[in-house]
Amino acid sequence: MAQFLFNLFAAFTLVCALGVVVNKNAVNAAMCLLLALVGVAGLFVALNAYLLAFLLLLVYAGAVVALFLFIIMLLDTKGEQRPGLKHASLVARLFAAALVGAGLLSFFARSRLPEPALGPASAAVGAELKLYAYQLFTTYLLPVQVIGFLLLAAMLGVIVISKKLDAAEDAP
Amino acid sequence: MNLEAVKLAAANNSWGALFPELMLACIALALLVFEVVLPRKQHRYIPDLAIIGVAFTLLGLFLNFDSASLDSETFNGLLHHDHAGQVMRVFFLLSALLVCVLARVSLAKRAVPRVEFSHLVLVITAAMMLLAQSSHFVMLFVTLETVTIGFYILVSYFRTSAASLEAGLKYLVMGALSSGLLLFGIVLLYGAAGNPALPMHSANAMHYRDLAAFLAANPHNFVASVGIVLVLAGVAFKIGAFPFQIWIPDVYQGAPTPVTAFLAVASKAAGFAVLLVLARDVFASYAWLVIPVLTLMAGATILFGNIAALTQHNVKRLIGLSGVSHAGFLLLGVVAAASGAAMATGAVYFYLFAYLIASFAVFGVMTHLAGADDSDQELEHYAGLAKDNPFLAAVLAVGLGSLAGIPPLAGFMGKLFVFIAAFQAGARWLLALAAAGVAISIYYYFGWLKAAFFESLAPSPDGPARPERTPVGFAAGLALSVLALGSILLGFYQGPLGQWLTLK
Amino acid sequence: MSLIFDNYLLLAIAAPLALALAIALGLPKRWSVRLSYIAFAIPLLIALHCWWRFADAGQRDGYAFLATYHTGLGGLGIGLKLGLNGISLPLFVLAGVVGFAAGLYAIQSQAERLKIYLMLLLIMQGGLMGVFASVDIFFFYFFHELALIPTFIMVGVWGGRDRNYAAMKLTIYLTAGAMISLLGLIALYVKSGAHTFDFVALRAYLAAHPLAETVQGNIAGLLLLGLGILVSLWPMHTWAPLGYGAAPSSAAMLHAGVLKKFGLYGLVQIALPLLPAGLVHWSHPLAWFAVIGNVLIVGLITMAQRDLKQMIGYSSVMHMGYAFLGIAAGGIIGPGGVVLLMVAHGLSVALLFLLATAVHHRTHTFAMDEMGGLAQKAPVLAAFFVAATFASIGLPGFANFWGELAIFVALWKFSPVITALAVAGVVISAIYGLRAAARVFFGPSTAHFDGVAARHPPVDLRWSEKIPALVLLAVLFFIGFWPKSVTVPLDAALAPVPLVAAK
Amino acid sequence: MIHATLHAYVALSAALFAIGLLGVLIRRNTLVVFMCLELMLVASTLGLVAFSRFNGTDDGNVFVFFILTVAAAEVAVGLAIIVALFRKRQTIQVDELNTLKH
Amino acid sequence: MPQHAVLVLVLPLISAAVIALFLRRAGAVAATVSVLAATAIATIAVILALHGERFERSFEWLRLGGFSVSLGIKFDDLAALMLCVVGVVGLCIHVFSLGYMRDDAARARYFGGLSIFMFSMIGIVLADNLFMMFIFWELVGFSSYVLIGHWHEKQSASDAAKKAFIANRVGDFGFLLGIVMCYWSNGTVNLTALGSQHVYSTLIPLLLFCGAVGKSAQLPLQVWLPDAMEGPTPVSALIHAATMVAAGVYMLCRIHVLMVPEALNVIMWTGTVTALYAALCAITQNDIKKVLAYSTLSQLGYMVAAFGLGSLPQLDERGRMVAMAAGVGAAMFHLTTHACFKALLFLGSGSVIHGCHHEQDIFKMGGLAKRMPLTFVTFTIGVAAIIGLPFLAGFFSKDAILFLAFANNKAVFAVLAFTAVLTALYMIRLWKLTFLGTARSDHAAHAHEGGLTLTSPLVVLAAFSILAGYTGIYPKVFSGVFELIPEAHGSAHTIIFATSLAVLVIGVATGYLLYASGPADSLAQKSPGLFGGLVALKNSFDVAYNYYVAKIQQRFAMLLNFLEQIFLAGLIIRGLAGVVGLFGLGARALHTGNLNAYVYWFLFGVVVLWGFATGALAF
């Protein structure tokens with residue numbers, strides 16, 4: 001069962017990911033991304049990372065992809081309209097794809113690490129949550145603080161970049 | 001995880017060791033508070049508060065330079081405080097100070113919020129200070145991303161300018177890509193080093209020391225090798241090493257000039273601080289991989305930076321490409337450090353300081369010469385500067401001279417130290433390349449000076465008018481004078497700084 | 001007062017630099033000019049004083065007037081160590097003399113933006129004094145670069161025809177040369193293992209732990225290449241005539257006269273004692289390059305020049321060939337001859353550049369075909385020029401002769417064939433030297449010159465030109481008549497110095 | 001049927017990463033490029049979680065928290081920039097965003 | 001006494017320095033200073049010589065390692081004789097110059113030049129080593145440059161001065177090499193030390209002889225001497241009589257100990273050919289000074305040939321056969337007598353030129369005997385002396401040389417005898433055309449005798465020209481030289497005497513009969529072919545040299561210059577810069593501004609790094 005689920009999710013993720021890359025329509029691409037994320041979340045579950053799977057769906061699917069879709073709609077771009085690829089460009093893309101593929105194969109072939117004996121899966125979702133909480137607020141407290149500032153900065157940045165000009169305040 | 005361990009871990013979070021960073025964070029928050037609290041008329045003074053705050057932080061850092069936490073780890077091994085970390089703190093604080101001063105000049109020319117700019121600069125600075133001291137990949141990644149995302153915003157800060165936004169987007173895409181590479185590299189390293197079937201595996205595999213121990217025990221692990229090169233690629237993006245330097249001219253050109261300066265100096269220095277630690281200590285047992293990679297990068301970077309700058313007319317792109325070549329020279333130092341040359345680390349730090357001083361002098365002049373379109377700064381705009389404003393011309397001459405590495409300016413000493421270190425490390429061919437690079441670089445630095453000194457200011461009737469030059473204010477004037485004199489003095493007399501940096 | 005007396009050499013370096021700094025900080029023009037006299041005179045007086053007192057001054061490690069100042073890099077073995085030995089003394093004096101003459105001439109030259117011109121010249125002067133007073137190899141290089149930078153600017157701003165290209169070419173060539181020699185010096189520093197740039201300590205250390213011959217050969221090769229560019233060794237010389245042709249007179253005087261000697265001085269003072277086997281390894285190629293390239297080819301090219309200043313520039317390149325030959329010949333006689341020749345050539349070429357500019361002021365051209373008959377209008381100028389020409393072609397009675405003679409004598413032992421070729425150069429130099437003098441001054445005056453003379457009636461040499469010229473000529477004569485004034489300390493310095501234990 | 005070994009997970013993660021990289025390489029819509037970048041981050045998190053599970057250490061999982069946060073912040077800023085740029089230039093096509101060049 | 005020698009050396013230098021520094025505009029004072037110095041020199045020289053003390057003194061002038069150059073005086077009989085000649089003849093010329101150059105604008109420079117000339121020459125005479133001799137040797141060249149080019153506004157004078165110096169330099173090329181070689185072969189260049197011990201070498205004397213070829217204007221470097229007539233006439237007298245050209249012969253005599261037969265052979269033939277060649281050239285000249293110049297050349301050929309003829313076996317006091325350096329004696333003897341009569345002839349010609357308002361063409365003179373009687377008489381004495389009229393100075397010295405040639409090499413003897421015929425021919429031609437017949441120009445018609453300063457030297461020199469040939473009248477102090485003069489005895493004496501007389505008669509008769517007082521050259525009219533051949537012979541060297549200089553040397557120089565500009569500075573350097581610049585443009589073009597393209601760079605980077613990680617790339 002686990003094997004099957006793994007294969008299923010893996011194949012699903014890959015296909016959807018490829019869909020992101022090849023889909024001409026940005027909306028479709030976003031939807032593919034969403035599906036790929038769902039696939040990854042499934043893999044997370046297979047790896048006993050329930051909370052992370054949940055977070056992934058929450059943050060990515062719920063927030064990020066929604067944001068993407070929202071923006072796509074907002075900007076109303078009409079896909080990648082182009083008069084056709086130039087040969088050079090096409091060749092370059094094929095070459096790049098071949099290169100990446102070759103790299104991937106070489107990685108597959110050589111990246112075999114010793115397979116560790118798999119430890120027992122965590123008993124319950126709650127225990128995992130508690131562990132994360134302890135870690136985040138003791139060992140990794142500093143990064144959490146930094147992330148806090150990062151989010152604040154990002155928020156400010158979005159405001160600065162997006163908000164309408166307030167002539168009275170910002171005039172030179 | 002029992003309670004004792006949790007308590008122990010919590011107790012290790014010694015915030016006192018982070019005094020400068022906390023100061024900056026508090027000032028950054030205070031700025032926002034002031035913006036809310038103070039009436040609008042007073043807002044113009046808020047950025048000055050940032051300057052004062054940074055200056056005081058710097059002072060405090062100097063007073064507490066030999067801090068008690070030196071040579072110890074805090075925050076459960078996330079940070080490692082050492083001498084180099086202190087040096088880099090000073091470096092970033094200085095950069096922040098100067099960026100704020102330049103921003104006063106530059107932002108005054110357009111309608112953009114100013115408080116947020118200072119806030120971001122402070123946050124980024126604090127993050128860079130932590131970055132330079134981190135000894136754990138989680139810390140590294142988080143602070144690095146904070147810096148990077150902060151820079152995304154800063155680069156596109158002139159949101160009314162298409163160039164600025166385009167630069168921001170380019171920086172963002174390339175930055176995110178490189179972050180992805182870096183992250184994947186970390187993942188692979190983590191995976192390899194944590195593998196229980198391998199010798200010296202570690203439960204805390206993202207910690208530098210444990211990782212180094214693992215690498216030493218597994219000198220030819222493929223996954224680890226790939227992880228290392230991907231991490232190097234990520235860092236190479238930050239420092240602008242070939243072939244991850246390609247974004248630099250575009251982004252530098254589009255970014256607001258103070259941000260360009262910040263990017264060129266502080267961000268690059270942060271990358272080098274990280275790279276030094278990684279290449280010299282963490283990846284030491286993978287020298288077979290790291291040294292060839294860095295050597296090749298250094299050579300290619302020096303060559304590309306100098307050659308590409310040769311025919312450049314936009315000074316922002318020019319200084320960007322010259323910065324690429326400087327990254328190459330610094331990489332030379334890193335190669336030497338990784339090869340075990342005794343004085344290499346100090347040489348890199350000295351070089352960075354010389355580069356800081358000289359670059360900000362040049363950027364200061366650029367800021368004053370920039371017109372309404374910040375990305376349009378052409379060499380022709382410098383015509384007649386020597387006659388118009390001898391002060392700026394002199395500062396420019398000193399700055400460029402130092403960048404070019406001409407005695408008696410600080411940049412020369414930096415190059416000298418790096419070269420000596422590289423020679424000690426036996427990097428002969430790289431040195432030859434570096435020498436050729438210096439010779440080539442003279443051409444464009446000289447061309448710039450030629451524009452400022454030799455060419456008359458006859459305005460061409462058909463061409464676009466030269467942008468209005470900003471008169472030099474007190475703060476900027478003071479800063480530029482100090483920078484110019486510093487460049488000269490540091491060339492003649494290194495004094496305690498020389499001993500401090502080069503000889504520990 | 002002891003502050004001054006104990007720090008003579010530093011004062012000679014610092015005085016011009018201090019005034020340059022003052023000018024940069026906004027000293028008014030009137031004062032800049034007035035103080036410049038003093039700032040150029042101080043190095044000269046100190047140099048002469050050192051010369052006078054050299055024999056009596058106590059010597060330590062072969063150096064007199066030794067003084068050390070710390071700059072914070074003691075741990076790297078870098079410190080501002082000043083001192084003079086028999087090799088640097090004549091060049092120190094040369095720098096003082098030529099600097100004084102160039103300075104005087106510049107002050108009187110009424111150049112545009114005189115203040116900045118003087119500032120740059122003062123920086124050059126300070127650097128030059130530093131080059132020859134430095135015992136520390138690092139500062140030896142450092143001061144050279146310091147003096148080099150103003151040259152570029154002066155060529156670029158005040159230069160004549162082609163100044164932009166000339167300045168650029170000069171800059172790149174000389175920077176490349178300097179860079180390569182810097183690599184050589186770094187190699188010396190690292191490979192010696194002494195961890196010091198202090199020449200005395202380095203010499204002592206290397207005497208105890210000599211470098212392997214191949215290492216010496218490599219380092220010497222680097223130095224020869226780098227310094228060769230700086231001294232315009234064929235075929236890396238093309239910057240020189242172009243640069244000198246474009247340079248304003250004072251800059252050309254100081255550069256061709258003194259600064260260019262840096263490379264040779266470095267070879268004699270540093271490379272010969274520290275890398276003897278390395279230089280021997282290269283001596284034959286060097287000699288052939290010098291004799292075929294510099295002496296014969298460039299000599300012939302000099303004959304084909306029509307531009308007076310270019311001609312002088314080429315002739316200077318040619319004479320550098322003799323200097324390289326002296327170095328290749330080695331021993332004591334050869335390098336001794338080189339030092340003599342350096343001093344002599346420095347004086348004579350500076351004089352020639354000065355006079356060439358004086359000629360230009362009267363004929364408004366450098367094209368020799370358009371001159372002629374100037375001697376009728378300006379006999380004193382003609383006399384000076386002829387004297388300078390004869391000095392540069394090695395007439396006895398002038399200092400140059402001794403240098404060339406010693407080099408030829410040394411060279412015979414090295415290779416009679418090369419000697420014969422080198423001596424053939426003496427004929428060549430006589431041909432172009434006299435031809436130039438004849439074209440410029442003698443014979444009937446040309447139509448061009450008549451035209452110029454009608455518009456601006458030429459006057460004979462002014463005092464502002466005469467005094468610097470006289471100073472230079474007098475020293476040329478003095479050494480020509482009394483070479484021992486140079487060779488006695490030189491002989492002692494070139495002879496193997498008794499070793500001192502490394503500290 | 002491929003076994004759910006560590007190697008399989010790593011390979012999968014690498015493949016996802018490669019697909020993301022390919023997307024960044026060939027797509028001209030900046031939004032899609034952005035999505036591909038996210039894909040690369042997600043690939044990394046997958047690797048991290050897999051390693052964490054197989055190696056029996058849990059700090060990998062903790063790291064994923066940070067990565068997700070960072071990714072979210074990055075997307076926010078990035079989209080803000082794209083929107084602002086679209087307002088200025090009326091395009092988000094990569095090949096039309098080249099006022100800064102040479 | 002050594003102090004006196006030093007004084008003799010330094011006096012003219014002081015005079016020159018004083019004139020150059022202070023008396024530039026005071027021509028009269030300068031002239032006085034110079035003449036006073038010359039007087040003092042002559043006086044002291046004679047005193048020194050007659051005092052009889054011979055000494056050597058030297059002190060070190062330069063030392064570098066083992067190499068040292070010293071400044072020294074070797075005052076022996078040879079030097080004493082030469083010093084007297086230089087001093088006395090020089091004085092006559094100085095005095096003559098007083099009058100001759102009275103109206104010259106640059107009189108101070110002229111007299112300064114004379115002084116420096118005297119200084120240089122005396123330096124050569126007194127030098128005790130070859131380095132020092134070389135130094136003054138070069139200074140002589142410089143002095144001649146200054147004096148020949150005195151009237152520098154004339155293109156020809158300027159060119160002649162240049163030519164003289166350069167031709168001398170060419171000779172000095174060998175001389176200097178010879179000295180250096182001598183230094184390393186023998187370890188010393190001190191003349192005395194060399195005399196006692198030296199290495200046998202053919203090359204050294206030949207190289208040294210190169211110097212003499214330049215300075216004494218032997219073939220093939222003789223070209224400068226006729227041109228040097230562009231200088232003022234007293235200068236010509238100085239150069240041709242007592243200084244400069246004599247220096248070459250003197251130097252040979254100084255180093256005769258180094259000579260080896262092979263070298264002597266070369267020297268002998270060089271001198272012989274020069275003597276003949278110059279005599280042939282002299283026949284075609286119409287410039288009074290040029291004729292004299294070629295005659296000088298010819299006589300120098302005599303001297304050099306004499307030197308080259310080498311030694312004669314002779315019985316010494318103890319009855320052993322020893323080699324007597326007869327060449328030195330003969331050469332020096334002829335040098336001495338020649339100095340007297342050649343100075344006389346030149347000064348006489350100067351007087352003529354002065355009288356004829358600087359007319360130098362003998363075909364525009366004529367009939368001057370009446371208008372300038374004193375000049376005529378003295379000049380006639382000079383002519384008689386040079387053509388070897390018995391019992392005048394030239395007769396004795398020429399006989400000595402002919403005897404030596406007769407004894408050592410008959411071929412040379414024949415050539416020299418024929419040269420003597422030619423000498424008589426062209427001198428008579430000159431004499432007749434100048435002084436006899438009728439005036440052929442206004443200048444000649446209104447010629448007049450100069451003042452006392454012009455005539456008194458003539459008289460003095462005429463006296464010397466008569467007396468200088470009698471070895472008996474010389475004080476014993478010069479015995480070191482005069483004992484070496486070969487003297488013919490018995491049948492040889494008769495043959496030589498007969499030959500002398502015969503050649504004299506043939507030459508004089510031919511000359512007197514051939515040339516008629518007219519505006520054109522009689523030989524040219526009667527035998528244009530011969531005349532043309534001689535002219536071509538005369539011109540051949542100048543043509544060849546001019547061709548070499550203009551067509552070969554200069555073109556080669558231009559070619560090198562062109563190559564340097566095109567290839568070195570152009571193609572290689574500018575080309576290199578251009579290539580780098582092209583790379584720059586290329587690198588700049590890589591920044592396309594397209595994000596996708598930039599990502600390819602990252603891909604490239606990752607691939608390369610991947611290569612390193614997999615070990616596919618390594619170095």
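Note that this is a predicted model, so its numbers are computed, not measured. Reminder, nothing fancy here: chain letters follow the sequence lines and each chain counts from 1.
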Peer 1: Heavy-atom cut-off 4.5 Å, strictly under: side chain, backbone, both or neither for C:Arg306 against chain E?
Peer 2: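 Side chain only.
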Peer 1: Can you tell me which of C:Ala420, C:Pro379, C:Gly299 forms the most heavy-atom pairs within a distance under 4.5 Å of chain E?
Peer 2: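 Greatest number of close heavy-atom pairs with chain E: C:Ala420.
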Peer 1: Between chain E and each of C:Val486, C:Thr302, C:Leu405, C:Thr419, count heavy-atom pairs under 4.5 Å; write down the option with the most.
Peer 2: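 Top count of heavy-atom pairs under 4.5 Å with chain E: C:Leu405.
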Peer 1: Taking side chain as everything from C-beta outward and backbone as N, CA, C, O, which of these in E:Leu203 sits under 4.5 Å from a heavy atom of chain C? Side chain, backbone, both or neither.
Peer 2: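 Neither part, no heavy atoms under 4.5 Å.
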Peer 1: Side chain from CB out, backbone as N, CA, C, O: work out which of these in E:Phe556 comes under 4.5 Å of a heavy atom of chain C, or both, or neither.
Peer 2: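 The side chain, not the backbone.
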Peer 1: So among E:Val180, E:Asp172, E:Leu177, which one has a side-chain contact (heavy atoms from CB on, under 4.5 Å) with C:Val423?
Peer 2: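 Testing C:Val423 for a side-chain contact (heavy atoms from CB on, under 4.5 Å) against E:Val180, E:Asp172, E:Leu177 leaves exactly one candidate, E:Leu177.
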Peer 1: Once rounded to the nearest 0.5 Å, what's the spacing between atom CG of E:Leu176 and atom CD of C:Glu404?
Peer 2: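 Output value for this atom pair is 9.5 Å.
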Peer 1: Does any heavy atom of chain C fall under 4.5 Å from the side chain of E:Val146, the backbone, both, or neither of them?
Peer 2: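 Neither part, no heavy atoms under 4.5 Å.
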Peer 1: Angle between ring planes, E:Phe142 versus C:Phe390, binned at 30° and 60°: parallel, tilted or perpendicular?
Peer 2: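 Perpendicular: the ring planes of E:Phe142 and C:Phe390 meet at over 60°.
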Peer 1: Under a 4.5 Å cutoff for heavy-atom pairs, which residue among C:Pro335, C:Ala383, C:Gly331, C:Pro396 has the most contacts with chain E?
Peer 2: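 The answer is C:Pro396.
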Peer 1: Is it the side chain or the backbone of C:Phe408 that comes within 4.5 Å of chain E heavy atoms, both, or neither?
Peer 2: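 For C:Phe408, backbone and side chain are both near chain E.
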Peer 1: What distance separates E:Ser68 OG from C:Lys484 NZ, expressed to the nearest 0.5 Å?
Peer 2: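 E:Ser68 atom OG to C:Lys484 atom NZ measures 8.5 Å (nearest 0.5 Å).
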Peer 1: So which part of E:Leu560 gets closer than 4.5 Å to some heavy atom of chain C, the side chain, the backbone, both or neither?
Peer 2: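 For E:Leu560, heavy atoms of backbone and side chain both lie under 4.5 Å from chain C.
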Peer 1: Which of the residues C:Gly336, C:Pro483, C:Ser445 is involved in the greatest number of heavy-atom pairs with chain E at under 4.5 angstrom?
Peer 2: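 Among the listed options, the one with the most contacts to chain E is C:Pro483.
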Peer 1: Rounded to the nearest 0.5 Å, how far apart are CG of C:Leu434 and CG of E:Asp159?
Peer 2: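 Reported value, rounded in 0.5 Å steps: 11.5 Å.
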Peer 1: Check the surroundings of atom CZ in C:Phe289: do more than 12 heavy atoms from other residues, nucleotides or ligands lie under 6.0 Å from it?
Peer 2: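 Count not over threshold, so no.
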Peer 1: How many angstroms lie between atom CD of E:Glu153 and atom CZ of C:Phe442, to the nearest 0.5 angstrom?
Peer 2: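 With rounding to 0.5 Å, CD (E:Glu153) is 10.0 Å from CZ (C:Phe442).
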Peer 1: Any heavy-atom pair between the side chains of E:Gln155 and C:Pro444 that's under 4.5 Å?
Peer 2: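 Yes; the side chains approach each other to less than 4.5 Å.
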Peer 1: Are the side chains of C:Leu340 and E:Leu62 in contact, using a 4.5 Å heavy-atom criterion?
Peer 2: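 Side-chain contact under 4.5 Å: yes.
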Peer 1: Decide yes or no for C:Tyr314 and E:Glu564: does some side-chain heavy atom of the first lie under 4.5 Å from some side-chain heavy atom of the second?
Peer 2: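 Heavy-atom side-chain distance check passes, below 4.5 Å.
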Peer 1: Could you tell me the separation between the CG atom of E:Leu71 and the CH2 atom of C:Trp482, rounded to the nearest 0.5 Å?
Peer 2: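 Rounded to the nearest 0.5 Å, the CG-CH2 separation comes to 9.0 Å.
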Peer 1: So which of C:Ala424, C:Gly443, C:Ala304 has the biggest tally of heavy-atom pairs under 4.5 Å with chain E?
Peer 2: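 Heavy-atom pair counts peak at C:Gly443.
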Peer 1: Would you find more than 12 non-hydrogen atoms of other residues, nucleotides or ligands less than 6.0 Å from E:Phe567 atom CZ?
Peer 2: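 No - once you tally the heavy atoms of other residues, nucleotides and ligands closer than 6.0 Å, there are 12 at most.
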Peer 1: Sort out for me which of C:Lys169, C:Lys413, C:Gln376 touches chain E most, counting heavy-atom pairs under 4.5 Å.
Peer 2: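 That would be C:Lys413.
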Peer 1: Under a 4.5 Å heavy-atom cutoff, which of E:Gln553, E:His152, E:Glu60 has the most pairs with chain C?
Peer 2: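 Result: the option with the highest number of such pairs is E:His152.
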Peer 1: Let me know if E:Arg24 has heavy atoms under 4.5 Å from chain C in its side chain, its backbone, both or neither.
Peer 2: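 For E:Arg24, the side chain is the part near chain C, not the backbone.
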Peer 1: How long is the gap from CG on E:Leu563 to CD1 on C:Ile297, to the nearest 0.5 Å?
Peer 2: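 Separation between the atoms: 9.0 Å.
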Peer 1: Contact between C:Val426 and E:Phe173 at the side-chain level, heavy atoms closer than 4.5 Å - yes or no?
Peer 2: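 A side-chain contact is absent here, since even the closest heavy-atom pair is not under 4.5 Å.
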Peer 1: Which bit of E:Lys154 is near chain C, if near means a heavy-atom gap under 4.5 Å: side chain, backbone, both or neither?
Peer 2: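 It is the backbone, since no side chain atom gets that close.
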Peer 1: Closest approach of C:Ile332 and E:Gly65, non-hydrogen atoms and distance?
Peer 2: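 Shortest heavy-atom contact: CG2-N, 3.5 Å.
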Peer 1: What is the minimum heavy-atom distance between E:Leu568 and C:His237, and which atoms define it?
Peer 2: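 Minimum heavy-atom separation between E:Leu568 and C:His237: CD2-CE1, 3.6 Å.
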Peer 1: Under 4.5 Å between any side-chain heavy atoms of E:Asn561 and C:Leu300, yes or no?
Peer 2: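 Result no, sub-4.5 Å side-chain heavy-atom pair not found.
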Peer 1: Do C:Ile431 and E:Phe165 make a side-chain contact, defined as non-hydrogen atoms from C-beta onward lying under 4.5 Å apart?
Peer 2: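 No - every pair of side-chain heavy atoms lies 4.5 Å or more apart.
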Peer 1: If I measure from the heavy atoms of chain E, does C:Val386 come under 4.5 Å with its side chain, its backbone, both, or neither?
Peer 2: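 It is the side chain, since no backbone atom gets that close.
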Peer 1: Please tell me if the side chains of E:Met558 and C:Ile301 come closer than 4.5 Å, counting only heavy atoms from C-beta onward.
Peer 2: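 The answer is no; the side chains never approach within 4.5 Å.
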Peer 1: Side chain, backbone, both or neither: which part of E:Gln554 has a heavy atom under 4.5 Å from chain C?
Peer 2: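 Side chain only.
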Peer 1: Please classify the contact of E:Tyr145 with chain C as side chain, backbone, both or neither, using a heavy-atom distance under 4.5 Å.
Peer 2: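 Contact with chain C involves the side chain of E:Tyr145 alone.
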Peer 1: Using a 3.5 Å distance criterion without hydrogens, assess whether the side chain of E:Trp184 forms a donor-acceptor pair with backbone atoms of C:Val409.
Peer 2: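 Checking the backbone N and O of C:Val409 against the side chain of E:Trp184, a donor-acceptor pair under 3.5 Å is found.
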Peer 1: For E:Gln565, is it the side chain, the backbone, both or neither that has a heavy atom under 4.5 Å from a heavy atom of chain C?
Peer 2: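 Contact with chain C is through the side chain of E:Gln565 alone.
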Peer 1: List the atom of C:Gly394, the atom of E:Glu138, and the distance in Å for their closest heavy-atom pair.
Peer 2: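 Where C:Gly394 meets E:Glu138 most closely, the heavy atoms are O-OE1, 4.3 Å.
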Peer 1: Is any side-chain heavy atom of E:Trp61 closer than 4.5 Å to a side-chain heavy atom of C:Trp402?
Peer 2: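 Touching, per the 4.5 Å side-chain cut-off.
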Peer 1: Count the heavy atoms of every other residue, nucleotide or ligand shown that sit under 6.0 Å from OH of E:Tyr545, and state whether that count exceeds 12.
Peer 2: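 For E:Tyr545, atom OH is crowded (more than 12 foreign heavy atoms under 6.0 Å).
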